[in-house]
6 protein chains.
Amino acid sequence: MNIMVFAPHPDDEILGVGGTIAKRVSEGHNVYVVIVTKGYPPTLDEELIDAGRGEAERAHKYLGVKKTIFLDFPALSLDKVNRAELNGAFSKLIGEYSPQDVYIPHIGDMHIDHREVAEAVMVAARPFRDCSVERIYSYETMSETGWHIPDSSRSFVPNTFVSIGNDFLEQKKYALRLYASQIKEYPNARSAESVDSLAKYRGSLVSCDAAEAFCMIRQVERGV
Amino acid sequence: MNIMVFAPHPDDEILGVGGTIAKRVSEGHNVYVVIVTKGYPPTLDEELIDAGRGEAERAHKYLGVKKTIFLDFPALSLDKVNRAELNGAFSKLIGEYSPQDVYIPHIGDMHIDHREVAEAVMVAARPFRDCSVERIYSYETMSETGWHIPDSSRSFVPNTFVSIGNDFLEQKKYALRLYASQIKEYPNARSAESVDSLAKYRGSLVSCDAAEAFCMIRQVERGV
Amino acid sequence: MNIMVFAPHPDDEILGVGGTIAKRVSEGHNVYVVIVTKGYPPTLDEELIDAGRGEAERAHKYLGVKKTIFLDFPALSLDKVNRAELNGAFSKLIGEYSPQDVYIPHIGDMHIDHREVAEAVMVAARPFRDCSVERIYSYETMSETGWHIPDSSRSFVPNTFVSIGNDFLEQKKYALRLYASQIKEYPNARSAESVDSLAKYRGSLVSCDAAEAFCMIRQVERGV
Amino acid sequence: MNIMVFAPHPDDEILGVGGTIAKRVSEGHNVYVVIVTKGYPPTLDEELIDAGRGEAERAHKYLGVKKTIFLDFPALSLDKVNRAELNGAFSKLIGEYSPQDVYIPHIGDMHIDHREVAEAVMVAARPFRDCSVERIYSYETMSETGWHIPDSSRSFVPNTFVSIGNDFLEQKKYALRLYASQIKEYPNARSAESVDSLAKYRGSLVSCDAAEAFCMIRQVERGV
Amino acid sequence: MNIMVFAPHPDDEILGVGGTIAKRVSEGHNVYVVIVTKGYPPTLDEELIDAGRGEAERAHKYLGVKKTIFLDFPALSLDKVNRAELNGAFSKLIGEYSPQDVYIPHIGDMHIDHREVAEAVMVAARPFRDCSVERIYSYETMSETGWHIPDSSRSFVPNTFVSIGNDFLEQKKYALRLYASQIKEYPNARSAESVDSLAKYRGSLVSCDAAEAFCMIRQVERGV
Amino acid sequence: MNIMVFAPHPDDEILGVGGTIAKRVSEGHNVYVVIVTKGYPPTLDEELIDAGRGEAERAHKYLGVKKTIFLDFPALSLDKVNRAELNGAFSKLIGEYSPQDVYIPHIGDMHIDHREVAEAVMVAARPFRDCSVERIYSYETMSETGWHIPDSSRSFVPNTFVSIGNDFLEQKKYALRLYASQIKEYPNARSAESVDSLAKYRGSLVSCDAAEAFCMIRQVERGV
């Protein structure tokens with residue numbers, strides 16, 4: 001199976017899907033990670049940008065990601081990008097890598113880049129007969145998910161729980177630590193301890209040692 | 001795989017899951033149907049009750065259902081039954097048949113029996129470590145789904161589409177016709193033509209000839 | 001009565017309101033259709049643009065639409081247009097044609113142009129004392145409605161059902177076929193068969209042979 | 001036109017629909033009010049019960065209600081009544097008086113009697129071909145509406161505003177005062193001043209001097 | 001300040017509010033815990049019932065609860081109890097102890113007893129002028145909260161975060177362990193480790209070491 | 001305590017928070033008002049712009065606002081402004097004035113400027129350890145709140161009621177009248193009479209003479 005994870009910014013894919021990526025790789029699946037945006041000077045320093053990309057590559061190599069795809073859309077300004085362009089870039093990737101499973105950020109996240117990515121993937125993965133996508137999941141990103149105005153359409157309400165056990169949880173935390181420039185100290189939401197408590201909380205909701213939670217947005221079973 | 005379909009009244013299972021039952025049987029899975037309630041005199045005539053059960057058995061035999069389980073809870077009065085009793089009866093069945101997939105009516109249906117069944121199965125299928133249930137789906141029952149006060153928590157919003165193609169759709173309609181005492185003339189919602197238009201509408205939403213739509217309520221992938 | 005249907009792109013008005021347009025015309029009402037956007041080269045070919053407009057005119061003439069108003073806002077980029085400009089254009093039309101009934105796309109549609117049109121009409125039709133608009137309805141557009149991330153605020157939950165019977169359904173399908181450049185083969189959502197199954201599904205929900213479903217968003221009965 | 005207003009307890013119909021009742025009567029329509037429950041000793045004193053009914057009759061006579069129908073279901077215990085019985089009683093009334101417009105309490109009201117009445121009318125007014133009901137509205141009852149746990153499915157979100165002007169507002173307040181045993185002093189929600197401020201608030205939302213707000217739940221336009 | 005915590009069954013108050021109880025006691029406030037139901041033979045063994053009550057008393061004494069109030073409503077059957085009776089019992093307690101802060105279970109919990117308690121407290125704490133209650137909060141109970149059919153009105157969406165730090169978290173876990181007959185082994189949701197991960201997850205959402213999350217349902221600031 | 005009220009356009013702060021501002025000032029708190037946008041020629045006349053600012057200053061002086069901060073973002077076009085810039089401007093103000101309470105417009109308002117302000121403040125007030133903000137409230141603005149497409153995530157559902165009594169209500173109305181260029185005649189929503197009826201309606205919902213209603217979006221109690 002081919003799996004494509006869309007991350008607005010580097011490390012979102014680890015926070016949201018890190019354990020499941022490790023699990024799917026161990027099961028023999030192909031995982032592709034798309035880093036959608038890039039910081040630009042003067043908001044972000046050139047060196048920092050390069051450092052971030054290097055970290056992403058190391059973390060993904062560690063997890064066994066088959067390929068990391070860096071797009072160069074401007075971070076913090078995705079809403080100012082032409083929609084058709086974003087939709088088109090994602091359509092092209094889906095056409096090229098034919099993923100069956102697709103992971104997107106939560107539409108209710110605080111960061112507008114997350115919402116733009118979620119919307120554009122939904123367009124790119126429309127349920128046409130020849131679209132490879134069979135399942136679309138949204139993931140939660142501690143530090144963005146749960147910070148917006150809480151209401152019925154913005155809350156992250158998972159319907160899918162993937163047990164990752166202690167081993168894949170450890171891999172997730174290790175991969176996060178490889179993002180040295182992004183990781184913070186507990187109780188910041190972007191810390192290994194926060195990742196740990198979330199995984200155990202999601203796990204104990206369904207009697208697993210550790211789990212990642214997703215919202216399955218749409219699945220289509222074709223075949224007849 | 002073992003599959004258990006909970007139907008508050010005979011024929012709900014055909015209206016909601018008929019095509020998917022046929023498809024799953026053709027794939028070699030075991031499908032169990034639980035008819036939860038029974039009419040009682042004087043509301044329902046003895047003869048009619050017997051007739052209904054006979055129809056259910058014939059329709060299920062036609063579709064290849066492995067076993068039909070008739071419970072004797074009173075129709076139209078499930079909300080007056082002791083909850084613990086209903087929960088207990090469902091728990092026992094889940095323990096006995098170990099289904100991985102479970103189908104329940106939509107919690108927003110107009111008929112209170114539908115809501116009581118949905119709630120009680122959720123209790124019986126709590127995500128404990130030793131519970132066999134891996135996926136819970138709700139199905140739509142034309143004539144009950146969509147008739148209640150429409151609001152954000154009562155609307156049926158499917159996230160799962162199972163292509164049933166023309167063959168399984170025909171089987172679904174044939175099975176429905178075996179319920180001679182229940183079926184009505186178009187444009188009544190409980191007619192073969194209504195079933196047909198719903199299947200084609202749900203299909204064309206995802207570019208399939210015919211489909212059944214479900215709401216996947218919760219899935220837990222254990223295994224580590 | 002004057003009726004104004006806002007269509008983001010040509011053929012949305014047929015998919016969503018085609019049968020009701022035919023019915024209202026037959027009852028003697030004046031129906032105005034506003035085609036909000038226009039494709040532009042290089043995204044869209046000049047010839048195709050002209051062809052589309054010609055189709056719109058023929059379809060509307062067939063249905064008895066009193067006037068088709070083409071605005072020239074850029075398709076696929078309505079979110080980049082200045083809001084005040086869009087609001088203003090719609091206000092002007094409402095002032096000029098004094099519609100009592102207004103039809104807009106569903107705010108939860110996948111296509112961002114649909115959402116922009118819906119929002120801008122709501123601004124243009126604010127319930128001031130001198131505003132002619134008495135009722136605002138949203139319509140469903142197969143291929144856009146139901147494809148977005150499904151949640152409580154994006155789902156199309158109709159509260160209004162207009163019986164269109166077999167005659168107006170046939171007119172709707174004929175008008176759709178006049179949009180030769182837009183129509184697709186079943187099971188594509190933009191096919192005559194899909195339109196047919198939706199109309200019959202919506203009809204059988206309320207025991208009609210065929211119906212169009214709307215969400216009545218706001219009605220104000222003045223008069224005292 | 002025939003109009004039927006379902007009131008769980010005497011005076012709910014005035015608080016929610018009083019102005020519109022007066023307006024519809026002045027337009028020549030037939031308004032029927034159904035008082036669903038009755039207090040019973042020892043919760044309620046016999047004399048008080050009689051007094052309440054007398055007040056209802058005087059208030060309705062003042063407004064021009066064509067007939068007041070008192071059912072004898074037990075107040076504060078509607079959820080313990082057999083559903084089929086409640087549904088049946090309402091079906092019978094709808095069959096007998098053939099209302100086109102039906103008014104019910106809000107499903108999100110705090111008082112469980114309100115919710116039971118709303119649910120049972122929805123069953124009794126199912127959109128079958130031969131059902132007279134064309135439009136179902138819910139109304140707001142100050143002191144019950146807005147007191148429950150506020151969430152997306154319990155909030156009263158009106159989509160229909162009926163201007164009642166100062167004259168019908170005065171009639172509404174006068175009718176309320178005829179319910180001497182029920183009315184309280186401001187700022188209690190069941191006071192004439194509260195009714196006044198609500199009507200002016202609802203009115204100024206849509207630029208009317210005074211209005212009543214409703215949620216139109218379902219309308220079916222048949223005829224072809 | 002007086003604080004009243006309503007627990008459908010013993011230990012709900014610890015799972016949901018344990019840390020905040022400890023914190024409020026340390027600040028000098030009076031905390032009252034109401035255990036609403038009691039198990040009855042044959043469902044529950046007499047000895048077990050006594051044991052449970054003893055555990056509750058020890059846990060509450062440890063936390064500094066001022067008084068534990070045991071009501072004798074039947075566990076698992078609150079929906080069969082007369083509403084007026086439940087409302088009345090709660091009203092009496094609120095009248096007697098004059099709490100400003102009230103904590104109730106989440107209305108979307110899976111267990112019907114939780115929902116009945118939540119509804120009845122809302123009735124008992126209606127915002128009348130002479131009601132002592134100034135703030136109503138709902139709490140989350142791991143093993144009930146998050147297990148129901150997830151939708152917009154059933155999800156627990158907190159808007160209030162109370163930092164409990166490591167000290168009050170330890171007290172919470174110790175109190176839970178005093179409920180020896182209720183506590184389970186991790187990854188069961190009713191284990192000390194689950195409580196720990198939830199507190200850290202809720203904490204890291206708002207940059208605290210540990211926190212309890214609540215949904216503030218209604219607050220009224222009077223005083224002028 | 002420091003309080004910061006964000007108003008997209010001058011007078012929103014009075015319509016939404018005027019009474020509470022007066023009350024908080026009388027209690028000795030520091031209230032800061034941020035007027036986010038400015039009209040520009042040719043949409044707005046230079047003179048009118050100056051007049052509006054003068055009115056704001058007089059109204060705020062009357063209420064005892066400590067400081068009025070005028071930002072110069074373009075009115076009616078906030079969605080075209082760079083998000084990072086808006087977020088940054090608000091972050092700077094929050095850093096500078098260290099408010100504990102923050103008031104923002106309702107995310108479901110019709111005017112897109114209101115939504116942009118709400119979103120940007122949420123980003124600027126993220127719950128980091130060193131952020132001063134303890135409570136975030138949204139307020140209702142008659143003429144914008146309640147005019148959008150009504151759905152579960154756009155409706156204003158207050159959970160907080162602040163009694164303002166007749167005195168602060170009078171001050172609110174007086175302050176509004178100082179905005180001579182903005183105020184309209186009843187039944188326009190921006191009239192003193194509308195403000196009056198809303199305050200009395202909100203008050204009588206909770207048995208107060210007059211109140212302002214808010215939605216408390218998030219509160220964090222730190223301290224351990």
Side-chain angles (χ1 to χ4, degrees), chain A residues 6 77-88 90-91 102-109 112 114-131 133 135-139 145 148-159 214-220 222 224, chain C residues 8-9 15 36-45 73-83 86 105-119 141-157 182-191 193-194 198:
Chain A
F6 287 86
S77 308
L78 270 189
D79 63 312
K80 298 298 176 295
V81 166
N82 201 299
R83 283 283 179 131
E85 211 183 316
L86 199 59
N87 298 347
F90 291 174
S91 287
V102 160
Y103 289 84
I104 63 175
H106 174 48
I107 189 74
D109 278 359
I112 197 164
H114 286 226
R115 280 133 63 192
E116 296 287 322
V117 170
E119 293 226 347
V121 179
M122 289 306 291
V123 174
R126 273 169 298 176
F128 289 124
R129 188 154 268 200
D130 57 354
C131 180
V133 178
R135 283 165 298 275
I136 305 175
Y137 297 97
S138 62
Y139 57 83
T145 308
H148 206 338
I149 293 172
D151 70 19
S152 62
S153 81
R154 285 193 191 85
S155 303
F156 181 75
V157 181
N159 55 21
F214 303 102
C215 182
M216 197 281 288
I217 289 174
R218 185 170 62 224
Q219 60 186 346
V220 182
R222 300 189 185 277
V224 290
Chain C
H9 318 99
L15 289 167
V36 178
T37 69
K38 184 182 164 178
Y40 284 95
T43 313
L44 221 63
D45 198 74
F73 290 101
L76 310 179
S77 308
L78 270 188
D79 62 313
K80 298 299 176 293
V81 166
N82 201 300
R83 283 283 180 131
L86 198 60
H106 174 48
I107 188 76
D109 278 359
M110 153 132 286
H111 203 306
I112 197 164
D113 288 355
H114 286 226
R115 279 130 66 192
E116 296 286 323
V117 170
E119 294 225 347
T141 314
M142 282 280 283
S143 77
E144 297 299 345
T145 307
W147 277 9
H148 206 338
I149 294 173
D151 70 19
S152 62
S153 80
R154 285 191 191 86
S155 302
F156 180 75
V157 181
Q182 301 295 323
I183 206 167
K184 300 288 193 315
E185 293 224 345
Y186 187 77
N188 188 292
R190 296 203 166 222
S191 63
E193 291 83 352
S194 296
L198 175 60

> Would you say the side-chain atoms of A/Lys80 pair up with the backbone N or O of C/Lys80, donor to acceptor, closer than 3.5 Å?
Replying inline: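 It does not hold such a pair.
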
> Side chain of A/Arg218, backbone of C/Trp147: donor and acceptor closer than 3.5 Å?
Replying inline: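 Yes; at least one donor-acceptor contact below 3.5 Å.
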
Is the shortest side-chain heavy-atom distance between [X] and [Y] below 4.5 Å?
X	Y	answer
A/Arg129	C/Pro187	yes
C/Arg154	A/Ile107	yes
A/Val123	C/Met110	yes

>> Heavy-atom cut-off 4.5 Å, strictly under: side chain, backbone, both or neither for A/Val121 against chain C?
In response: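 For A/Val121, no heavy atom lies under 4.5 Å from chain C.
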
> Does a side-chain N-to-carboxylate-O contact under 4.0 Å join A/Glu119 and C/Arg115?
Replying inline: yes

> Rounded to the nearest 0.5 Å, how far apart are SG of A/Cys215 and CD1 of C/Ile149?
Replying inline: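 Taking SG in A/Cys215 and CD1 in C/Ile149, the distance rounds to 8.5 Å.
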
> C/Asp79, C/Leu76, C/Ile112: which one forms the most heavy-atom pairs within less than 4.5 Å of chain A?
Replying inline: C/Ile112

> Looking at A/Ala125, A/Pro127, A/Ala84, which has the largest count of heavy-atom pairs under 4.5 Å with chain C?
Replying inline: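 Answer, by heavy-atom pair count under 4.5 Å with chain C: A/Pro127.
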
> What part of C/His111 gets closer than 4.5 Å to chain A, counting heavy atoms only: side chain, backbone, both or neither?
Replying inline: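 Answer is neither: C/His111 stays 4.5 Å or more from chain A.
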
